[in-house]
Amino acid sequence: MRATVLFGAGDVRIENVPDARLIEPTDALVSVTRACICGSDLWPYKTMEHSNTGRRMGHEAIGVVEAVGADVRTLKVGDLVVMPFAYSDGACVFCHEGLHTSCIHGGFFGTDVVAGAQAEAVRVPQADGTLFVLPVGKDDALTPSLLTLSDVMGTGHHAAVAARVGPGKTVAVVGDGAVGLCGVIAARRLGAEQIIILGRHADRIALAREFGATDVVSERGAEAVERVRELTDGFGVHSVLECVGLEQSMRTAVSIARPGGAVGRVGVPQDETLPASLPAFFNNITVSGGPAPVRAYIEELLPDVLEGRIEPGRVFDRVVRLDETPDGYRAMNDRKAIKVMVKL
Ligand SMILES: [Zn+2]
């Protein structure tokens with residue numbers, strides 16, 4: 001079968017690889033119908049050292065169940081499913097607490113352990129706990145929005161939950177990538193009164209406004225902090241969604257939270273240390289977040305997608321075939337696309 005393999009910075013190729021197959025009795029084999037490229041795929045795309053074997057990319061997908069292992073109970077061949085970026089058994093103590101990304105039998109797609117989903121097929125461990133059967137046909141018009149439930153919409157929602165967004169709150173979203181834009185959707189959905197998006201790309205800002213952003217701050221660093229304070233009576237916002245992961249973005253996030261506020265971070269940190277520790281301490285700011293347990297959020301978000309109340313699929317502004325996936329990486333890396341869908 002064909003699959004996307006990253007061999008080093010800037011070197012992503014479509015390769016012929018051994019067919020995906022069942023290994024464990026709890027596995028399902030899924031034929032991928034849609035995948036996508038994630039902002040987090042761009043970190044290794046920018047920085048990975050050369051590898052002869054490469055890394056199999058992709059952790060977001062919708063597909064059709066082709067085969068199930070002997071212990072799989074809830075799925076059958078032919079089911080259309082959405083695949084969260086992490087697999088989980090749905091049964092352990094952390095899954096019961098809604099923290100599926102800490103599942104004791106869990107892990108992540110697109111790693112050395114489990115191959116990626118930017119491929120013709122993918123092996124899904126812990127299939128009963130991981131996959132969610134979709135109540136639509138495989139070419140339904142809602143497919144782009146349903147695909148975001150595998151990562152970016154659930155991740156934006158997690159940022160909002162971690163930042164304690166609620167009715168009447170003031171919110172800032174740091175980052176205008178697909179996750180930040182979904183964070184705007186999530187903040188509005190949870191009842192935020194004011195939503196300030198920090199970003200500087202005209203097309204993304206326009207979409208953020210359509211998703212519910214009330215204010216735009218295009219400055220950076222100290223000037224951005226100043227602008228947010230001006231927009232919030234000098235205090236800063238209750239809730240900050242940090243959707244980038246860089247030292248500077250985290251520093252900005254803490255600096256624009258009002259005393260007693262919260263920062264929900266979902267951008268994978270590119271630093272070992274937590275920036276802005278001192279202002280976070282002196283302003284009693286809660287810093288929370290991490291890899292989103294998107295599996296836990298599908299049930300909650302799905303009705304809003306099915307009934308058209310939210311349209312996170314609008315973050316996809318380019319569709320490529322599997323063979324064109326390297327072009328998709330370039331487009332996202334060059335900021336020529338917000339998010340790329342791979343259609344198989
Ligand atoms: Zn678990």
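Each ligand, and each atom within it, is numbered from 1 in the order the structure gives. Quick note: residue numbers are just sequence positions, from 1. Since the model is a prediction, treat every value here as computed from it, not as a measurement.
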Q) Counting distance only, does the side-chain N/O of D304 pair as donor-acceptor with the main-chain N or O of R309 below 3.5 Å? A) no
* Given the rule that I, L, V, M, F, W and Y join up when any side-chain heavy atoms are under 4.5 Å apart, are V179 and W43 in one cluster? -> no
With sequence neighbours left out, the residues meeting ring-ring contact (aromatic ring centres under 6.0 Å, His included) with Y329 are Y45
*asked:* Does the plane of the ring in F108 sit parallel, tilted or perpendicular to the ring in F85? Use 30° and 60° as the thresholds.
replied: parallel
With a cut-off of 2.8 Å, strictly less than, protein N/O/S atoms near the Zn ion (ligand 1) add up to 4
- Would you check, one step at a time, whether the test side-chain hydrogen bond (donor to acceptor under 3.5 Å, both in side chains) holds for D11 with H50? CA-CA 9 Å; D11 183 10; H50 176 77; 4.8 Å; no
Would D128 and R73 pass as an ion pair if we require N to O under 4.0 Å? no
